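One structure below.
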Amino acid sequence: MTLPPPTFGSAGEHHLQQQLGTADRAARFYDQQVHPHLTPEMRDFIGRQAMVFLATADSHGECDASFRAGPPGFVQVLDAQTLAYPEFRGNGVMASAGNMIENPHLGMLFVDFTHHHIGLHVNGVAHLYHDSDLRRIRPGLPTDVAPGRGPEMWVHLTIEEAYIHCSKYIPHLEPAPRPAGRDAARPKDSDYFTKPHAAHWPSLQ
């Protein structure tokens, strides 16, 4: 008897599950925790988050991980199947967005380090929009996602799966106010990993 292909998970996942004897446990996880859309609780969770980790790959499968942050709710839940987040001015490299042009599959990981100590994976297909183009399609987008910063473009994600990230090893972090001014002793970003800084790095001797 030939079983139908699993609804969730890659061929590699299922191959290892069979090898390591975890197929039944994984099947329960897929059945109980993995959704093809955002549940109301997931939508509410995303609306409270101020940061997200991104996973992208180019057309050759070369991977890149990145990070985005903004005021809580900067990632907009448009509906149960769709998210959008703004891309602001950065270093101009466009590594993540460039990967999405070659390979539109995008993984997002939201983590609450301070309160519930839980994470949420959201995976799907991304499309890049200029700000004005997305507003024509989604006129309800806020105009002040991040005060004083205008988006250069938006990443629009059509969701394929969303599932919980185990809270067991998520560390607890205490929120702290951001320093009011840039520390004069802090090196420039471009120098951080290229020049030694006695005040910030342990001695290499």
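Keep in mind that what you see is a predicted model, and the values were worked out from it rather than measured.
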Item to complete: State, to 0.1 Å, how close His35 and Met42 come at their nearest heavy-atom pair, and which atoms those are.
Response: CD2-CE, 3.6 Å
Response to the item:
From the list Val155, Val122, Leu157, Leu83, side chain to side chain contact (heavy atoms under 4.5 Å, CB included) with Val75 holds only for Leu83
Worksheet item: Do the side chains of Ser96 and Arg68 get nearer than 4.5 Å, heavy atoms only?
Response: yes
Worksheet item: Taking all non-hydrogen atoms of both residues, which atom of Pro151 and which atom of Asp131 are closest, and how far apart?
Response: CG-OD1, 3.4 Å
Worksheet entry | CE-CD distance between Met100 and Glu87, expressed to the nearest 0.5 angstrom | 6.0 Å
Discussion item. Check this for me: does any side-chain nitrogen of one of Arg28 and Asp24 sit under 4.0 Å from a carboxylate oxygen of the other?
Written reply: no
Discussion item. Just verifying a value: how many Å separate Gln49 CD and Asp44 CG, rounded to the nearest 0.5 Å?
Written reply: 9.5 Å
Discussion item. With a 4.5 Å cut-off on side-chain heavy-atom distances among I, L, V, M, F, W and Y, is there a chain of contacts connecting Leu134 to Ile101?
Written reply: yes
Worksheet item: So do Asn123 and Glu160 actually touch side chain to side chain, heavy atoms under 4.5 Å?
Response: no
Worksheet item: Would His127 and His156 count as a close aromatic pair, with their ring centres under 6.0 Å?
Response: no
Discussion item. Quick check: do Trp154 and Arg138 have side-chain heavy atoms less than 4.5 Å from each other?
Written reply: no
Worksheet entry | Tyr30 and Phe8 aromatic ring geometry - parallel, tilted or perpendicular at 30°/60° bounds | tilted
Fill in: From Met94 atom CE to Asn99 atom CG, the distance as rounded to the nearest 0.5 Å
13.0 Å
Worksheet item: For the hydrophobic clusters of this structure (ILVMFWY residues joined by side-chain heavy atoms under 4.5 Å, transitively), does one cluster hold both Val125 and Leu38?
Response: no
Worksheet item: Donor-acceptor pair, Gln17 side chain versus Thr22 backbone, under 3.5 Å?
Response: no
Item to complete: Kindly work out whether a path of hydrophobic side-chain contacts (I/L/V/M/F/W/Y, heavy atoms less than 4.5 Å apart) joins Ile170 to Leu120.
Response: no
Worksheet item: When you look at NE2 of His115, are more than 12 heavy atoms from neighbouring residues, nucleotides or ligands closer to it than 6.0 Å?
Response: no
Worksheet item: If you draw a 6.0 Å radius around NE2 in His130, do more than 12 non-hydrogen atoms from other residues or ligands fall strictly inside?
Response: no
Worksheet entry | From CA spacing to verdict: side-chain contact (heavy atoms from CB on, under 4.5 Å), Phe29, Arg25 | CA-CA 6 Å; Phe29 180 83; Arg25 183 153 38 105; over 6 Å; no
Discussion item. Can you give me the closest heavy-atom contact between Pro72 and Arg48, atom names plus distance?
Written reply: CB-O, 3.7 Å
Discussion item. Are the side chains of Val111 and His165 in contact, using a 4.5 Å heavy-atom criterion?
Written reply: no
Practice prompt. Looking only at non-hydrogen atoms, find the nearest pair between Leu109 and Val52 and report the distance.
Written response: O-CG2, 3.5 Å
Worksheet item: Do Tyr85 and Leu54 have side-chain heavy atoms sitting under 4.5 Å apart?
Response: yes
Worksheet item: At what distance, to the nearest 0.5 angstrom, does SG of Cys166 lie from CD1 of Ile118?
Response: 7.0 Å
Worksheet, complete the sentence: One should read off an interatomic distance between Gln33 CD and Thr39 OG1, to the nearest 0.5 angstrom, of 10.0 Å
Discussion item. Testing the basics here: between Arg135 and Pro142, what is the closest heavy-atom pair and its distance to 0.1 Å?
Written reply: NH2-O, 2.9 Å
Worksheet item: Does the Gln19 side chain pair with the main chain of His15, one donor and one acceptor, at a distance under 3.5 Å?
Response: no
Worksheet item: To the nearest 0.5 Å, how far apart are NE2 in His117 and OG1 in Thr114?
Response: 6.5 Å
Worksheet item: Under the side-chain contact (heavy atoms from CB on, under 4.5 Å) criterion, do Leu106 and Thr56 qualify, and how do the steps go?
Response: CA-CA 5 Å; Leu106 170 64; Thr56 61; 3.7 Å; yes
Item to complete: Kindly say whether Ser59 contributes a backbone atom to a donor-acceptor pair with the side chain of Glu102 at under 3.5 angstrom?
Response: yes
Practice prompt. May I ask you to test the Phe113-Met51 pair for a side-chain heavy-atom distance under 4.5 Å?
Written response: yes
Worksheet item: How are the rings of Phe53 and Phe67 set relative to one another: parallel (under 30°), tilted (30 to 60°) or perpendicular (over 60°)?
Response: tilted
Worksheet item: Just wondering, do Leu141 and Leu78 contact through their side chains at under 4.5 Å, heavy atoms?
Response: yes
